[in-house]
Amino acid sequence: MSDSSAETSDSSNFIRDIIDADLASNKVSAVVTRFPPEPNGYLHIGHAKSICLNFGIARDYGGHCNLRFDDTNPEKESVEYVNSIRRDVEWLGFTWHSNPFASDYFDQLYAYALDLIKQGLAYVDSQNADEIRANRGTLTEPGVDSPYRDRSVEENIQLFEAMRNDEHKDGEHALRAKIDMQSPNINMRDPVLYRIRHATHHNTGDKWCIYPLYDFTHGLSDAIEGVTHSLCTLEFEDHRPLYDWILDNLETPSRPVQIEFARLQLEYTLTSKRKLNMLVDEGHVSGWDDPRMLTISGMRRRGFTPESIVSFCDAIGITKKYSTIEMGVLENALREDLNARAVRRMAVINPIKVVIENYPEDQEEFFSGANHPQNPDYGTREVPFSREIYIERDDFMEDAPSKFFRLSPGREVRLRFAYYITCKEVIKNEAGEIESLICTYDPESRGGKSPDGRKVKGTIHWVSARHAVDARVNLYDRLFTSANPGAAADFHQALNPDSNIMMDNAKFEPAIELTNNPIAYQFERLGYFISDYDSTNDNPVFNRTMTLRDSWAKIEQSQ
RNA sequence: UGGGCCGUCGCCAAGUGGUAAGGCACCAGGUUUUGAUCCUGGCAUUCGUUGGUUCGAAUCCAGCCGGCCCAGCCA
């Protein structure tokens with residue numbers, strides 16, 4: 001009882017306030033929500049916000065949430081999208097109460113339309129689309145009534161049935177609500193309810209040649225399912241009067257309310273379906289699941305965990321305010337989750353060979369390395385060591401500033417888990433490029449500590465050359481260089497040419513599962529990585545999910 | 001005078017008439033065999049603006065300023 005007030009404070013938002021009030025006043029006794037995507041594309045991070053909202057509310061209030069496909073426009077929809085959407089919602093960790101199609105309700109919807117006609121609240125308009133548009137008026141001028149607006153109920157019924165019975169061509173007639181052509185709200189100027197469309201539907205096949213529109217379908221579908229709170233994005237605010245008009249004029253099993261919230265806008269990303277499509281079709285990305293895409297399938301391939309996405313959605317909140325979230329928020333949610341769960345390993349992505357000249361040629365030994373520095377439950381693994389190792393090219397500098405704590409001529413560093421080494425000589429090729437380094441090690445420093453207690457500031461990662469596994473690593477960066485690519489006249493200008501850098505010569509320590517491995521690794525000091533779908537034991541391919549925070553890079557840049 | 005909606009720290013966001021939570025980012029320290037993680041501290045006398053009501057206003061009222069959405073037989 002004493003904690004009850006504290007519980008809501010951390011995840012409260014204006015929608016939950018409304019629900020609390022509705023529950024308190026007994027306006028509703030249980031909470032039912034729905035996530036209603038049209039199956040005409042892949043789900044993206046913006047949908048995740050809506051999914052977390054709808055399913056999260058249902059869960060927290062002990063109600064339920066339906067996954068309903070809003071499939072009233074057959075030409076754009078397909079089972080491919082239906083399947084991908086189901087998979088993505090499940091992957092995010094949510095379970096729907098039921099999974100209907102709006103098209104399952106076509107018979108009921110048709111009956112509702114007939115009801116409206118009989119009440120004199122709908123009519124068949126025989127103007128074509130251009131005429132309807134011309135007579136709708138503009139934002140500042142009222143529309144004018146259709147010449148067909150006053151057809152008799154009998155004639156309307158007959159015409160509507162004829163539309164349904166395939167007696168007319170596409171566009172010849174449309175069913176319209178009879179509301180008010182003078183309304184300042186354009187959505188109320190006799191909106192079209194049904195259109196003739198001779199198209200095969202992914203769910204209903206060729207059963208129908210007329211299809212209801214969103215505004216007619218949505219509220220009725222909500223009412224049929226017993227949805228109590230129908231949550232949608234801000235651009236539907238102007239549709240709410242129509243949503244209400246339809247439900248107020250028809251007898252439905254329940255009476256839902258529509259509440260609008262701001263859609264997600266994320267820096268450096270595009271969420272417009274049309275532009276996402278262009279990215280795929282024009283080959284700027286490899287597909288809908290390209291790891292650079294902020295689609296759910298792309299993020300999955302990139303190595304995001306569902307938990308990190310849910311945590312991100314919790315962090316950004318729900319309001320009616322137009323806002324743009326900084327990438328750092330998403331990155332933080334990802335790192336926070338991955339840091340807690342990722343298995344630590346060593347890998348060298350851009351190798352340079354180091355020969356430890358005083359280490360015996362035919363010797364090898366193993367060091368025990370913790371799989372997670374803060375979590376002993378993760379156990380340890382054995383890391384092999386030998387005379388020749390690889391280190392990261394960035395961990396060596398010929399003329400290093402004093403702040404550079406890594407390897408440079410004459411300086412000593414610690415090899416993680418292993419020994420202290422000192423750089424004695426730099427071997428270059430004819431072009432003057434560094435080919436390898438000659439170092440010595442201190443046998444007394446085994447395990448990374450020396451008996452004399454001398455301080456070694458830098459610790460670097462390494463992989464034994466003899467034991468290394470060759471692999472390819474994809475380095476990913478944001479797809480766009482501009483924070484708001486969608487605002488640009490042409491988003492192509494903002495494409496980041498370096499959004500995918502392939503590193504073909506990476507070296508992994510042996511204790512890494514190369515394939516069919518959905519678990520996250522942290523390659524120490526480099527970032528979080530995951531095996532790609534294409535990875536095989538013969539040709540391992542890993543994707544960099546996210547870098548680690550890098551305060552050295554900041555220092556370096558500021559100098 | 002077309003209609004609808006929004007404006008709290010660099011970015012999000014609590015706050016619902018009693019004297020500005022939290023997260024991200026940033027800055028300064030500490031721990032550390034990942035320049036990671038972790039820990040500590042700092043970071044809005046002020047809530048778009050002006051005026052009003054009130055003992056008291058981010059919260060109520062009015063005006064003004066700024067931004068977003070709507071003219072598909074798309075959703």
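Proteins come first, then strands; the chains are lettered A, B, ... in the order of their sequence lines, and each starts at number 1.
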Under 4.0 Å from OP1 or OP2 of B/G72: is there any side-chain N or O of A/Arg133 that close? yes
Nucleotide nearest A/Ile132 when distance is taken to its side chain, options B/C70, B/G10, B/C73: B/C73
Can a side chain N or O of A/Ser12 be found less than 4.0 Å away from OP1 or OP2 on B/G15? yes
Measure from the side chain of A/Glu326, starting at C-beta and using heavy atoms only, and say which of B/A14, B/C24, B/U37 lies closest. B/C24
Categorize A/Arg414 for me: base, sugar-phosphate, or nothing, with a 4.0 angstrom heavy-atom threshold over every strand shown. base
Honestly, is A/Arg416 close enough over A/Trp462, meaning NZ or CZ under 6.0 Å from the six-membered ring centre and within 45° of the axis? no
Nearest to the side chain of A/Phe236 - B/C26, B/A75, B/U37? B/A75
What interatomic distance, in whole Å, is found between C1' of B/C24 and the corresponding atom of B/A14? 15 Å
Quiz item: cation-pi between A/Arg345 and A/Tyr521, 6.0 Å / 45°: no
Among B/C74, B/A14, B/A36, the one nearest any side-chain atom of A/Leu213 is B/C74
Give a yes or no answer on whether the side chain of A/Glu524 reaches the backbone of A/Ala347 with a donor-acceptor pair at less than 3.5 Å. no
Position toward the 5' end of RNA chain B (nearest nucleotide), A/Asn128 or A/Ala315: A/Ala315
For B/G72, does the glycosidic angle fall within 90° of 0 (syn) or outside that (anti)? syn
Listed nucleotide nearest any side-chain atom of A/Asn332, set B/C74, B/C24, B/G3: B/C24
Quick check for you: among B/A71, B/A75, B/A36, whose closest atom lies nearest to any side-chain atom of A/Leu139? B/A71
A/Met346 CE to B/A36 C1', straight-line distance once rounded to whole Å: 15 Å
For nucleotides 6-9 of chain B, list the nitrogen or oxygen atoms of the protein found under 3.5 Å from its nitrogen or oxygen atoms, one pair per line.
unit_1 : atom_1 : unit_2   : atom_2 : d
B/U8   : OP2    : A/Lys321 : NZ     : 2.6

A/His218 ring center near A/Tyr214 ring center (under 6.0 Å): yes
To the nearest Å, give me how far apart CG (A/Asp215) and P (B/G4) are. 18 Å
Select one nucleotide: of B/C70, B/A36, B/G2, the one nearest the side-chain heavy atoms of A/Thr140. B/G2
If you measure from the C1' atom in B/A44 to the same atom in B/G23, how many Å do you get, rounded? 16 Å
